[in-house]
Amino acid sequence: MTNMLVTNIGELLTLAPAMKKEGRKVTEHDLGLAKNQAIYIEKGRVSWIGSQKQIPKHLAKQKKLKEFSAKGLTVLPGLVECHTHLVFAGSRAAEFELRNQGMSYQEIAKRGGGILSTMKQTREMSVKALKGISQERVNEFISQGVTTLEIKSGYALDEKNEIKCLKVAKSLEGPRIVTTFLGAHAKPPEYDSYKAYLDFLQKKVLPQVKKQKLSNRVDVYVEKGFFSQEDSREFLKAAQGMGFEVLLHADQLTLSGGADLGVELNALSGDHLIQIEEPQVQKLAKSQVTCVLLPAADLYMKCKYPPARKLIDAGARVALATDFNPGTSPTQDVNLVGLLARLEMKMTLPEVISAYTVGASYALKLQSEVGSLEVGKHADFLCTDKDWQQLFYSIGERSPTFVYKSGELIY
Ligand SMILES: [Zn+2]
């Protein structure tokens, strides 16, 4: 791998100060803004960063040095998309029309729609076909500046096909991929009780996921009437006992104990958090749990938005993500997510930028590798012709001009 010198950076956002604050109470100062900067990259990692005028001579004069002029563009860390359900077959567009025209979810499910329709199609699709459509979706994220991408299983709900989906996710190319086992997404029709299904996942599937090194993360959809707090606790504790990191879909529809359980188990993240109240806000703020907020899903679900301001002001670490999935968030629009966070959750722009870089890197436990541009970290960055104040601003905007992962051009 040749070394690379990036010169003529018009405006650089390192996010290093935000990283130092662990993504908490981020202000404009924490963006690490500087003009006329340069970055030196060695073996895919940042090895020097500073003023264009002060590039050390021994670096600039190396043989076989690749030089890339950013021509005055803005450079910021590659985005970290930390919550997607990207591997699935089929579409639920027809169902969206029915739901939007007032049909209940129960009626749609009776007609063969809902998550079980995605499950059926995902089980039936071949590895090759699933890989093909999934790679296209990954490419869509790359084109928006995403250099680290989380992908959950959870649309197959049986041993063979959950494993298949994790293998497909791991095989996808471009960004750094982080896989998560979400077998406990919904209960498949083969099981009478949620508890029995969790027992099956724990005894049969988790050992396979571990053995085949398909993921080191386990997620559960904790919700009243679905996976209860009590059952989820037992399952996640067992997963932790096997060496998995844990995270939760928490308090999306009702206050059902997900956030409380996340803090109790020291989970990497609690995701959604729409229904949490003051006690949960305080607990989360004092914990290491990253609060992953998913406003595009809230837009589609026409529900309220999570209390981002309260969380941030109390000192919690927040991340943002698309929740891309065929049912409740059929969008990969990262820009829209940030815009909704500003408009509907009153997050400041520096908070949004930090949430999509620093906050999300913590949610994936990659904060020492990505999320900010600092010496020793992966040279993951995007270049855009917009200044930073124009980010997450215009509907339909496409920011990145170039995207680099570990010093290699990927877009
Ligand atoms: Zn989700």
Side-chain angles (χ1 to χ4, degrees), residues 13-16 18-19 22-23 39 41 43-46 75-87 134-153 166 168-182 213-217 219 245 247 268-269 271 290-294 296 317-324 332-335 337-338 352-374 376-384 391-392 399-400 402-411:
L13 288 74
T14 65
L15 272 297
M19 192 55 89
E22 300 185 349
I39 302 175
I41 298 161
K43 291 181 182 154
R45 290 183 186 258
V46 175
V75 169
L76 61 147
L79 302 180
V80 179
E81 167 63 44
C82 67
H83 185 138
T84 82
H85 305 252
L86 179 144
V87 177
S134 300
Q135 185 63 54
E136 279 176 31
R137 294 166 184 160
V138 169
N139 296 347
E140 170 60 29
F141 275 122
I142 296 171
S143 75
Q144 299 179 75
V146 171
T147 49
T148 300
L149 175 63
E150 189 264 7
I151 301 174
K152 301 175 197 299
S153 70
L166 286 174
V168 165
K170 274 194 84 112
S171 74
L172 300 170
E173 289 163 14
R176 190 166 287 102
I177 303 269
V178 176
T179 53
T180 304
F181 177 64
L182 178 60
K213 297 193 170 108
L214 297 173
S215 175
N216 62 358
R217 297 157 48 87
D219 192 350
E245 297 286 350
L247 51 148
L268 283 181
S269 69
D271 301 34
T290 300
C291 303
V292 179
L293 310 182
L294 309 162
R317 176 172 49 243
V318 162
L320 289 163
T322 60
D323 194 17
F324 173 48
Q332 296 186 244
D333 196 330
V334 167
N335 177 58
V337 170
V352 169
I353 295 170
S354 173
Y356 241 118
T357 51
V358 177
S361 74
Y362 270 91
L364 301 180
K365 214 183 178 181
L366 287 175
Q367 66 271 19
S368 59
E369 298 283 319
V370 302
S372 60
L373 288 167
E374 296 179 79
K377 286 198 161 178
H378 284 286
D380 292 4
F381 59 93
L382 65 94
C383 306
T384 167
L391 299 171
F392 303 106
S399 281
F402 304 102
V403 181
Y404 280 83
K405 185 194 82 176
S406 299
E408 300 281 337
L409 186 72
I410 59 170
Y411 177 79

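Since we're looking at a predicted model, the values are computed, not measured.
Residues Val352 and Gly338 share a closest heavy-atom pair of CG1-CA, 3.7 Å. Taking all atoms of both residues into account, the shortest heavy-atom contact from Lys152 to His85 is CD-CE1, 3.7 Å. Across all non-hydrogen atoms, the minimal contact from Ala16 to Ser372 is N-CB, 4.1 Å. When every heavy atom of Glu140 is checked against every heavy atom of Ser143, the shortest pair comes out as O-OG, 2.7 Å. Of all non-hydrogen atoms in Leu76 and Leu373, the two that sit nearest each other are C-CD1, 3.9 Å. Val146 and Glu81 make their closest contact through CG1-CB, 3.9 Å (heavy atoms, listed as atom of the first residue, atom of the second, distance).
For the pair Ser153/Thr180, no side-chain contact is recorded, criterion being any heavy-atom separation below 4.5 Å from C-beta on. Using a 4.5 Å cut-off on side-chain heavy atoms (C-beta onward), Ser354 and Leu15 make contact. Contact check for His378 versus Lys405: no side-chain heavy atoms found under the 4.5 Å cut-off. Side-chain contact between Gln367 and Arg317 is absent, with no heavy atoms from C-beta onward closer than 4.5 Å. Contact check for Leu214 versus Phe181: no side-chain heavy atoms found under the 4.5 Å cut-off. A 4.5 Å side-chain heavy-atom check between Leu149 and Leu86 finds at least one atom pair inside the cut-off. Taking the side chain as every heavy atom from C-beta outward, Ser361 and Thr148 never approach each other to under 4.5 Å. The side-chain heavy atoms of Phe324 and Asp333, taken from C-beta on, include no pair separated by under 4.5 Å.
The closest donor-acceptor contact from the side chain of Glu408 to the backbone of Gly44 lies at 3.5 Å or more, if one exists at all.
One finds the CG atom of Leu294 at 7.5 Å from the OG1 atom of Thr322 (value rounded to the nearest 0.5 Å). Rounding to the nearest 0.5 angstrom, the gap separating the CG atom in Asn139 from the CD1 atom in Ile410 is 9.5 Å. Interatomic distance, Leu366 CG to Arg176 CZ, rounded to the nearest 0.5 Å: 7.5 Å. Between Ile177 atom CD1 and Ile151 atom CD1 the span is 4.0 Å, to the nearest 0.5 Å. Expressed to the nearest 0.5 Å, how far CG of Leu320 lies from CG of Leu293 amounts to 6.0 Å. Here the CG atom belonging to Asn216 is positioned 8.0 Å from the NZ atom belonging to Lys365, to the nearest 0.5 angstrom.
Ring geometry for Tyr404 versus Phe381: interplanar angle under 30°, hence parallel rather than tilted (30 to 60°).
Remark: of the listed residues Thr357, Val403, Asp380, Thr357 is the sole one forming a side-chain contact (heavy atoms from CB on, under 4.5 Å) with Leu79.
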Using side chain to side chain contact (heavy atoms under 4.5 Å, CB included), reason through Leu268 and Tyr362 one step at a time and then give a plain yes or no. CA-CA 8 Å; Leu268 283 181; Tyr362 270 91; over 6 Å; no

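Comment: Arg217 engages Glu150 in a salt bridge, judged by a side-chain N to carboxylate O separation of less than 4.0 angstrom.
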